[in-house]
Number of protein chains: 2
Amino acid sequence: MKTANPNAYASSCPTRLVLDRVADKWAVLILGSLRDEPVRFNGLRRLIEGISQKMLSQTLKSLERDGLVSRKAIPTVPVTVEYSITPLGRTLSATVDSLRVWAETHIDKVLKAQRQYDAGAQRKAA
Amino acid sequence: MKTANPNAYASSCPTRLVLDRVADKWAVLILGSLRDEPVRFNGLRRLIEGISQKMLSQTLKSLERDGLVSRKAIPTVPVTVEYSITPLGRTLSATVDSLRVWAETHIDKVLKAQRQYDAGAQRKAA
DNA sequence: ACTAGTTAGTAGCAAATAGTTACCATGTTA
DNA sequence: TAACATGGTAACTATTTGCTACTAACTAGT
């Protein structure tokens, strides 16, 4: 069964929910981290500076549920858990990673625009 | 002055904030709406089903501050306000739009993965 | 004149989400 | 014995989001 006309602009379309999940800071950084090789929970925590254990755990769970990431517990001691990207996740990773690249590439222009905007707002407030 | 090494994986890098703003459901849909032509406030409200006036106003304000969208008030009666995409915004629009397209294209696979995941969770709970 | 509708928002409150911190069990290393 | 590693969960707070109602100025219809 196929969804008839997926359209993110329609509020009732499930696409809206998926867009909300993948258009997410942490999801972008996690998918980027897993792009080349599987990484363990605490490995991701070290790669993605400032992510809390809660958000990492929560975001990984959503990504796993959506079929974008797979979780594999390895019975070592202590147990290690390896997260890797699925084939479906791989179809998304290039797109979300280009979002990160855009941010890194255009950060200077954005910061400049913010300064100009804030200067204008100050004039109005004065 | 250029930001030395923009890196979204570093928590202190301003890139992280920018990523958080552009990796946003409403920002994606707004930038997509403005891609072809300028649109007015209520026009956007009609295009993007289910967005509240508050979120639309708030997101437009951020996008304007970041230099991605420009606002032009036209002294008609009643005043109409035209929002259009800036050249900087245009460098981003293709990327965010491909995120929307990905969601619309892969929605069936994601929904299927969710059903499988939930079925597994049910087994565990039983 | 009165009513309803248009324009582009803002204000106030409730609900949902994100973030912070502490803690768990199990085991290795110093 | 104490500190650190593994991968989380629980409780709490702060922030964001969403909903509803409201504004002001004007037009069109009855």
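Protein chains get the first letters and strands the later ones, always in sequence-line order, with residue 1 at the start of each. Any value given below was found using the heavy atoms of this structure, including those in side chains, with hydrogens, waters and symmetry copies removed.
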- Check: B:L31 and B:L92 side chains under 4.5 Å, non-hydrogen atoms: yes
- Message: Closer than 4.0 angstrom, basic N to acidic O: yes or no for B:D97 and B:R100?
- Response: yes
- Query: After noting the C-alpha distance and the side-chain angles of B:L68 and B:V22, does the key distance pass the side-chain contact (heavy atoms from CB on, under 4.5 Å) rule?
  - Reply: CA-CA 10 Å; B:L68 302 170; B:V22 300; 4.1 Å; yes
In whole angstrom, give the distance that lies between atom [atom1] of [X] and atom [atom2] of [N].
X: B:E64; N: C:dG9; atom1: CD; atom2: P; result: 9 Å
X: A:Q58; N: D:dA10; atom1: CD; atom2: P; result: 12 Å
X: B:L56; N: D:dT16; atom1: CG; atom2: C1'; result: 17 Å
X: A:R71; N: D:dG7; atom1: CZ; atom2: C1'; result: 8 Å
X: A:E82; N: D:dT6; atom1: CD; atom2: C1'; result: 14 Å
X: B:M55; N: C:dG9; atom1: CE; atom2: P; result: 15 Å
X: B:K61; N: D:dT16; atom1: NZ; atom2: P; result: 15 Å
X: A:I74; N: D:dG7; atom1: CD1; atom2: P; result: 9 Å

- Can you tell me how far the CZ atom of A:R71 sits from the CD atom of A:E64, to the nearest 0.5 Å? 6.5 Å
- Note on the structure: Distance col, row A:D20:CG vs B:W26:CH2, nearest 0.5 angstrom, shows 8.0 Å
- Can you tell me if the side-chain N/O atoms of A:S57 get under 4.0 Å from OP1 or OP2 in D:dT9? yes
- Item | Within residues 20-46 of chain A: residues closer than 4.0 Å to DNA chain D (heavy atoms) | A:R40, A:F41, A:N42, A:R46
- Task: Using side chain to side chain contact (heavy atoms under 4.5 Å, CB included) as the criterion, point out the one residue from A:L47, A:V39, A:L60 that pairs with A:I30.
- Result: A:L60
- Message: Run the side-chain contact (heavy atoms from CB on, under 4.5 Å) test on A:I51 and A:L29 for me, step by step, so that the C-alpha distance in whole Å, both residues' side-chain angles and the decisive distance to 0.1 Å come before the verdict.
- Response: CA-CA 10 Å; A:I51 192 170; A:L29 295 174; over 6 Å; no
- Task: Decide salt bridge (charged side-chain N to carboxylate O under 4.0 Å, His left out) for A:D24 and B:K25; before the verdict, give the C-alpha distance in whole Å, the side-chain angles of both, and the deciding distance to 0.1 Å.
- Result: CA-CA 8 Å; A:D24 172 75; B:K25 179 178 50 172; over 6 Å; no
- Task: Apply the test side-chain hydrogen bond (donor to acceptor under 3.5 Å, both in side chains) to residues A:T86 and A:S70: give CA-CA distance (whole Å), side-chain angles for both, the deciding distance (0.1 Å), then the verdict.
- Result: CA-CA 6 Å; A:T86 63; A:S70 75; over 6 Å; no
Do any N or O atoms of the protein come closer than 3.5 Å to N or O atoms of nucleotides 19-26 of chain D, and which pairs are they?
| residue | atom | partner | partner atom | Å |
| --- | --- | --- | --- | --- |
| D:dA21 | N6 | B:Q53 | OE1 | 3.4 |

